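What follows is one structure encoded as structure tokens, with my remarks underneath.
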There are 2 protein chains.
Amino acid sequence: MTRASPRPNLAIGAYRHLKRDIIRGVYAPGEKLRMSDLKTRYDLGVGPMREALSQLVGERLVTTVSQRGYRVAEMSIKELEELYDARAQLEGLILELAIARGGDDWEAEILAKAHALSKVVEVHSAEDMLEVWDRRHQAFHSAIATGCDSPHLLQARTWLFDQAERYRHLWLCQTVFSDAALDTKRREHAALTDTILARDTAAARARMREHLMSPVPIIKRVLQQRGLA
Amino acid sequence: MTRASPRPNLAIGAYRHLKRDIIRGVYAPGEKLRMSDLKTRYDLGVGPMREALSQLVGERLVTTVSQRGYRVAEMSIKELEELYDARAQLEGLILELAIARGGDDWEAEILAKAHALSKVVEVHSAEDMLEVWDRRHQAFHSAIATGCDSPHLLQARTWLFDQAERYRHLWLCQTVFSDAALDTKRREHAALTDTILARDTAAARARMREHLMSPVPIIKRVLQQRGLA
DNA sequence: CTTTATAAAAATATCTACATTTTTATAAAA
DNA sequence: TTTTATAAAAATGTAGATATTTTTATAAAG
């Protein structure tokens, strides 16, 4: 009988909650995070709140200068472009390794996840985009990546994803896919899956890059509208 | 006149100090980090110490379970092998991008750093390995990587390096290079530099991988001697 | 108008006391 | 011997008080 899992301490809840709020754009890029406000919003004292912030600093979603408080990390078009390029590059590497290393179970998992994703035939709201489509979308891509059989590369991938998530959130909230757009995405995913199952590395990499970069112009426009250079 | 930089808070110093101690093996893998001991050793109270630990948890050098305290992350041969493979893969990607993107200044910087590294003609102690040779060695490799022109990929690289640093430390402390070994390393670095300057991506990648993986058998033996599977 | 100086208000960072949880030591039962 | 129960000791986590630093508001000087 293993020991029961202890109740998570307050810092853990605050970390999760604040991280989620940052990603969802509750705070503007560069916005000051004042302790008096945070204590109230997340219902805890200074100590655990500072712990949560420390972790988010380590994750680069929050910046800090001693005695000058904490701020949400900035966003910019320049960062967007470089970040998405970096993600596409790493995803290409991971995909190549997965194609070389992944077995039958890996293929089966991709097909299962692609199927679940394709079953989303209509979305009505930004909430649907986030909670329904994008969950399955992420699961699909994770299934592909898992074949690389490298926990550390997957962690680096996760970190880049976390950095990109604020930008992705802009895209997903801005964009409610029409039926036609969903159909287009379904085709993209199917074509990507085909190249992967065919173990055609070059084609898979090209499709993956194109697929990953497709939200960039949309996000760019949103950032421009918000006056972020 | 810009504002003076405020004095770093206590958590920052503790973070740096503890991180350094972990990397240098002051604590064994998996060792319990007891707050009463940490407070004394790093001369501060619970609050800032917990902040420092939070950041190290985010960096995966420390693990924690609520109510059960903190521990230094484990090490293993399995992790060593996967981590070094991941590093070699990412370094290969970064090298390929650097060769495609780097200009004349980048080449000049590599030559300068290679030159400084080659000037180390003898090392007498583990301290020399760390403070003299390895500083220049890291600077050489960083100069190469910088050409990829992707801050996010470089950050992912840094994170992998941090994960590897405990393992590297075992190697560097275990291994005081003889003059002959230094000469061999010098040749490796020169050959690597040649392939880079020749913009021969395939050859450069192959040499880089071989070079990066060369400490693995040594580290493996050290881990085995210490009973880490 | 801008700059400088000052005081007050607000924010930041840390320590300590203390409630809660976990671990350790010990004794008894199986 | 191992397992169980109990109490004591130790460790963990947090709130609140407080010292320090920064920011804001205001007035005076240039």
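Since the structure is predicted, the reported quantities are computational estimates derived from the model, not experimental observations.
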Inset, instruction - Take atom NZ of B/Lys39 and atom P of C/dA17, then tell me their distance rounded to the nearest Å. - result: 10 Å

Inset, instruction - For A/Gly47, report the nucleic acid contact type (base, sugar-phosphate, nothing); a contact means any heavy atom under 4.0 Å. - result: nothing

Legend entry - Candidates D/dG13, C/dT12, D/dA15 - which lies nearest the side chain of A/Met35: C/dT12

Legend entry - Nucleotide D/dG16, atom P - distance to CG of A/Leu44 in whole Å: 11 Å

Inset, instruction - For D/dG13, take OP1 and OP2 only and decide whether either is under 4.0 Å from a side-chain N or O of B/Arg50. - result: yes

Legend entry - Pair B/His141 and B/His211, ring centroids less than 6.0 Å apart: yes

Legend entry - Shortest side-chain distance from A/Leu10, nucleotide among D/dT12, C/dT14, D/dA15: D/dA15

Legend entry - Rounded distance (Å) that lies between atom P of D/dA15 and atom CG of A/Asn9: 11 Å

Legend entry - Any-strand Watson-Crick or G-U partner of C/dA30, both distances under 3.5 Å: D/dT1

Legend entry - Integer-rounded Å distance: C/dA13 C1' and B/Met49 CE: 16 Å

Inset, instruction - In whole angstrom, give the distance that lies between atom CZ of A/Arg7 and atom P of C/dA19. - result: 16 Å

Inset, instruction - Specify the residue among B/Ser66 and A/Gln67 whose closest nucleotide of DNA chain C lies further upstream toward the 5′ end. - result: A/Gln67

Legend entry - Nearest-nucleotide 5' precedence on DNA chain D, A/Ala11 against B/Asp37: B/Asp37

Inset, instruction - Would you mind telling me which of C/dA13, C/dA11, C/dT14 lies closest to the side-chain atoms of A/Tyr70? - result: C/dA13

Inset, instruction - Report the distance from atom CZ of B/Arg71 to atom P of D/dT12, rounded to the nearest whole Å. - result: 10 Å

Inset, instruction - Give a yes/no answer on whether the side chain of A/Lys32 brings an N or O atom under 4.0 Å of OP1 or OP2 in C/dT12. - result: yes

Legend entry - Sequence-distant partners of B/Ala114, side-chain contact (heavy atoms from CB on, under 4.5 Å), two or more places apart: B/Phe140, B/Thr193

Legend entry - Verdict with reasoning, B/Glu109 to B/Ile144, per side-chain contact (heavy atoms from CB on, under 4.5 Å): CA-CA 8 Å; B/Glu109 190 65 14; B/Ile144 295 170; over 6 Å; no

Inset, instruction - Can you tell me the distance, in whole Å, between the CG atom of A/Leu53 and the P atom of C/dT14? - result: 14 Å

Legend entry - Separation of atom CG in A/Leu38 from atom C1' in C/dA11, rounded to whole Å: 12 Å

Legend entry - Per B/Arg68 side chain, nearest of listed nucleotides D/dA15, C/dT12, C/dT23: C/dT23

Legend entry - Nearest-nucleotide pick for B/Ser36, side chain only, options being C/dA13, D/dT22, D/dA11: D/dA11

Inset, instruction - Hunt down the Watson-Crick or G-U wobble partner of C/dT14, both distances under 3.5 Å, from any strand shown, or write none. - result: D/dA17

Inset, instruction - In sequence, state the C-alpha distance, the side-chain angles, and the governing distance for A/Asn9 and B/Arg50, and then conclude on side-chain contact (heavy atoms from CB on, under 4.5 Å). - result: CA-CA 12 Å; A/Asn9 66 44; B/Arg50 288 182 64 87; 3.7 Å; yes

Inset, instruction - Begin from the C-alpha positions of B/Val26 and B/Arg20 and carry the test side-chain contact (heavy atoms from CB on, under 4.5 Å) through to its verdict. - result: CA-CA 9 Å; B/Val26 171; B/Arg20 183 185 163 92; over 6 Å; no

